[in-house]
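Taking it in order: structure first as structure tokens, then the write-up.
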Amino acid sequence: MRSTVCEQIGNTPQFPNVTPHPHTPPDPEGTWHDPGDVKPSRSLLGLPELGWPDIFQSCSEAMDAEDEPCLQKAAPHSLSPAEALGEVVHSSPSSSSPSLLDGQAEEGSLEQVQTMVVGEVLKDIATACKLLNIEADPLDWSCVHVQKWLLWTEHLYRLPQSCKMFQELTGKDLCSMSEEDFRQRSMQCGDMLYAHLDIWKSAAGMKEGREGKSSGDNAWSEVVSHYPSQPIHLWQFLRELLLKPNNYSFCIRWINKEKGIFKIEDSAHVARLWGIRKNRPAMNYDKLSRSIRQYYKKGIIRKPEVSRRLVYQFVNPV
DNA sequence: AATAAGGAGTCAC
DNA sequence: GTGACTCCTTATT
């Protein structure tokens, strides 16, 4: 199934370049090569069309729950993320005739893929909303929310820090800015931030103007139902990260999901994400790990039988 | 040097 | 009271 879809995608004009994901899963030995070390090309990192690699990776995840190394992703070109969302949103999935031409069949498959992609994008947004404790619609963001989103996006994609250039902007302000405005505030990653915001805006736009049919709607209700979210526990936060391997496996990943054993690949990064979530700029791994150790006596997290550095185990696996 | 373990004080809810 | 943050010492990798 996956190979079929991959082949279709590979042969489709919208997905001309199939390239490995920068967050390539670790080898069997468990060693991990930081994507920052291998210095992937800007297109690999998603510049300026960053949304697509992540979206497509999410789509791959939907097709195959396992985080397999063979997964490939496409570099975007002719279709922006927002356009892709729009296309699926406004397409009608109805008309299928027995005399379909090859092209139409291909279109149908593409449509299916796009529908799946939209669903996964919305789920990713739902996850981010939950982890960040912000609303899904950027128009509703306060200045603080904007800063959280910026910090998060920068850390998630390892972009240079530029959130200071966006200080005292509300979500409305941000949404009214052009791509050029973004670039002026951040030469290095303004275009990427703009692309990401575009995805969120498009997803929020799906809320209105249509009634529930496609898979995107379930995902959307998931997005809105998560807000306002409750204070999140550290163990919940870690589990959320672990359950999104395509987004976060570069910093935390399962060693043995069945047993609940996981490894923190980038301690500083995980701590930073946790600090963003809790509005604790001084958060570091020393403090985060102290909180994890408090879980020992509570029976939530423990060290595995064979203790290894940065490896922990949920006492009650999912 | 980074990580692990755990004591102890503090704070917000 | 609870959960988390913070700072700390000591031990281990």
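Everything quoted here is computed from the prediction, not taken from an experiment. Residue numbering restarts at 1 for every chain, and letters A, B, ... go by the order of the sequence lines.
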How many Å lie between [atom1] on [X] and [atom2] on [N], as a whole number?
X: A:Lys297; N: C:dG3; atom1: NZ; atom2: P; answer: 11 Å
X: A:Arg309; N: B:dA4; atom1: CZ; atom2: P; answer: 6 Å
X: A:Leu310; N: B:dT3; atom1: CG; atom2: P; answer: 5 Å
X: A:Arg293; N: B:dA8; atom1: CZ; atom2: P; answer: 15 Å
X: A:Gln294; N: C:dG1; atom1: CD; atom2: C1'; answer: 14 Å
X: A:Asn284; N: C:dC7; atom1: CG; atom2: P; answer: 9 Å
X: A:Tyr296; N: B:dG7; atom1: OH; atom2: P; answer: 13 Å
X: A:Met283; N: C:dC5; atom1: CE; atom2: C1'; answer: 6 Å

Determine: side-chain N/O of [X] to OP1/OP2 of [N], distance under 4.0 Å, yes or no.
X: A:Ser289; N: B:dT3; answer: no
X: A:Arg308; N: B:dT3; answer: no
X: A:Tyr295; N: C:dG3; answer: no
X: A:Tyr285; N: B:dA2; answer: no
X: A:His233; N: C:dA4; answer: yes
X: A:Ser267; N: B:dT3; answer: yes
X: A:Lys287; N: C:dC5; answer: no

Is there a donor and acceptor pair, one atom on the side chain of A:Arg290 and one on the base of B:dG7, closer than 3.5 Å?
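Side chain to base: pair present.
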
5' priority, DNA chain B, between A:Tyr312 and A:Arg280 [closest heavy atom]:
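The residue whose closest nucleotide sits nearer the 5' end is A:Tyr312.
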
Check step by step if side chain to side chain donor-acceptor pair (under 3.5 Å) holds for A:Thr127 and A:Asp124.
CA-CA 5 Å; A:Thr127 302; A:Asp124 284 349; 5.1 Å; no

Does A:Glu179 form a salt bridge (charged side-chain N to carboxylate O under 4.0 Å, His left out) with A:Arg183? I'd like the steps, not just the answer.
CA-CA 6 Å; A:Glu179 189 170 0; A:Arg183 278 209 204 89; 3.1 Å; yes

Using salt bridge (charged side-chain N to carboxylate O under 4.0 Å, His left out), reason through A:Lys172 and A:Asp137 one step at a time and then give a plain yes or no.
CA-CA 10 Å; A:Lys172 277 198 180 74; A:Asp137 189 346; over 6 Å; no

Hey, does A:Trp274 reach any base, or is it just sugar-phosphate, or nothing, if we go heavy atoms under 4.0 Å?
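It contacts sugar-phosphate atoms only.
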
Using a 4.0 Å heavy-atom cut-off across all strands, classify A:Leu288 as base, sugar-phosphate, or nothing.
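The residue A:Leu288 makes no contact with any strand.
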
Kindly say whether A:Gln313 contributes a backbone atom to a donor-acceptor pair with the side chain of A:Lys259 at under 3.5 angstrom?
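Here the side-chain-to-backbone pair does not exist.
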
With a 6.0 Å cut-off on ring centres, are A:Phe182 and A:Phe166 close enough?
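Distance test on ring centres: under 6.0 Å, yes.
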
